[in-house]
Amino acid sequence: MLEIGAGTGRITLPLARNGLQVVALDISPAMLKILLEKARQEGLKVEAICADMKRFKLKERFAAILITFRTFQHAYTVEDQFAVLNNVKNHLERDGVLIFDVYNPKWQYIAHGNWRWYFDEWIKLPGVEGRVRMDYRNRYDMAKQMMYQEFRLRYKDGKELILPLKMRFFFRFEMEHLLRLAGFKVEKLYGALKKSPFDNSSSEMVWVVRLA
Ligand SMILES: C[S@@+](CC[C@H](N)C(=O)[O-])C[C@H]1O[C@@H](n2cnc3c(N)ncnc32)[C@H](O)[C@@H]1O
């Protein structure tokens, strides 16, 4: 299988541990370096490919392609989204499956975004003495369906680091139309990774789709 947006292997490694052959693709060489080091320490065989999900080209086709932990929300424009889905199509076996998760844009989450800092949590970072304070702020642009977020880390020695993150939000029927236009048919929509039904309370959309 191919995992797109594999990051440091949080999902890749358990898959490999369970005997699945995983190709891990990510745009970040730094994330893949950590993934490969973790795989090496466990003696797991994982192939890592550093590429953009909009532009990758591999020789292989896969029985399953996963786009994990909302990575698809980094396809910001409709053009980017079609580029990703077309690429997936070109790398999927005829009866293969694409599984990916995105946020369900609950109004409470969108409305919360007033670009003011909130205390989030104290975190422990490797190689850093004591705990680091993490604050968070976000704002949502209704016209662009974009969520802008920032995480602010405050270290004990006074150092401050701001990490920005932006994500495109999708509505349920928008995604259905997008998938259909890209040549997929929806097999299942779940409301969470534990496969609960998608309903009014769902904070996630987990899409299971195949080639039409
Ligand atoms: C939220 S993380 C998910 C990491 C991992 N799947 C997990 O569950 O921990 C999103 C990942 O997508 C990657 N990413 C973002 N844009 C990408 C792109 N255009 N092509 C490939 N990977 C991308 C990031 O580098 C990051 O590792």
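Quick note: residue numbers are just sequence positions, from 1. Whatever order the structure lists them in is the order used to number ligands and atoms, beginning at 1. No hydrogens, no waters, no symmetry mates; every other heavy atom, side chains included, goes into these values.
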- Message: Can you confirm if the NZ or CZ of Arg10 lies within 45° of the ring axis of Phe69 and under 6.0 Å from the centre of its six-membered ring?
- Response: yes
- Under 4.0 Å to a heavy atom of Asp52 - the qualifying atoms of ligand 1, by number: 18 (C), 19 (N), 20 (N)
- Using the six-membered ring wherever Trp is involved, compare the ring planes of Tyr103 and Phe169 and label them parallel, tilted or perpendicular (cut-offs 30° and 60°). parallel
- Query: Should Ile4 be counted as touching ligand 1, given the test is an N or O pair under 3.5 Å?
  - Reply: no
- Given side chains that start at C-beta, do those of Glu37 and Arg40 come closer than 4.5 Å, heavy atoms only? yes
- With heavy atoms under 4.0 Å as the rule, classify the contact between Arg70 and ligand 1 as side chain, backbone, both or neither. neither
- Message: Suppose we measure from atom 1 (C) of ligand 1 to each protein heavy atom; which comes out shortest, and what is that distance?
- Response: Phe69 O, 3.4 Å
- If we number the atoms of ligand 1 from 1 as shown, the ones under 4.0 Å from a heavy atom of Thr68 are 6 (N)
- Short list, please: which atoms of ligand 1 are under 4.0 Å from a heavy atom of Ser28? 25 (O)
- Between Asp26, Thr71, Val84, Leu66, flag the one that comes closest to atom 10 (C) of ligand 1 by a heavy atom. Thr71
- Arg116 NZ/CZ over Tyr118 ring centroid, <6.0 Å and within 45° of normal: no
- Under 4.0 Å between heavy atoms, the region of Met53 that gets near ligand 1 turns out to be both
- Task: Please could you name the atoms of ligand 1 that Glu3 approaches to less than 4.0 Å, counting only its heavy atoms?
- Result: 6 (N)
- Note: heavy atom closest to atom 21 (C) of ligand 1, options Leu165, Ile27, Ile49, Asp101, belongs to Ile27
- Quick one: look at Ile11 and ligand 1, take heavy-atom pairs under 4.0 Å, and tell me if it's side chain, backbone, both or neither. side chain
- Message: Give me the atom names and distance for the closest heavy-atom approach of Ile27 to Cys50.
- Response: O-SG, 3.6 Å
- Task: With heavy atoms under 4.0 Å as the rule, classify the contact between Ala51 and ligand 1 as side chain, backbone, both or neither.
- Result: backbone
- Please report which non-hydrogen protein atom sits nearest to atom 8 (O) of ligand 1, along with the residue it belongs to and the distance in Å to one decimal place. Arg10 NH2, 2.8 Å
- Message: More than 12 heavy atoms of other residues, nucleotides or ligands under 6.0 Å from CD of Glu79: yes or no?
- Response: no
- Message: Do Glu3 and Phe62 make a side-chain contact, defined as non-hydrogen atoms from C-beta onward lying under 4.5 Å apart?
- Response: no
- Message: When you measure from the side chain of Asn104 to the backbone of Ser202, do you find a donor-acceptor pair of N or O atoms at a distance under 3.5 Å?
- Response: yes
- Minimum-distance protein heavy atom relative to atom 6 (N) of ligand 1: Gly5 O, 2.7 Å
- Task: Measure from the side-chain N and O atoms of Arg70 to the backbone N and O of Val102, and report whether any donor-acceptor pair falls under 3.5 Å.
- Result: no
- Message: Checking the N or O distance criterion of under 3.5 Å, is ligand 1 in contact with Leu25?
- Response: no
- Query: His74 to ligand 1: N or O pair under 3.5 Å?
  - Reply: no
- Query: Looking at Gly7, which atoms of ligand 1 are within less than 4.0 Å of one of its heavy atoms?
  - Reply: 4 (C), 27 (O)
- Task: Answer yes or no: is there a donor N or O on one side and an acceptor on the other, between the side chain of Asn87 and the main chain of Met53, under 3.5 Å?
- Result: yes
- Do other residues, nucleotides or ligands put more than 12 heavy atoms under 6.0 Å from the CD atom of Gln21? no
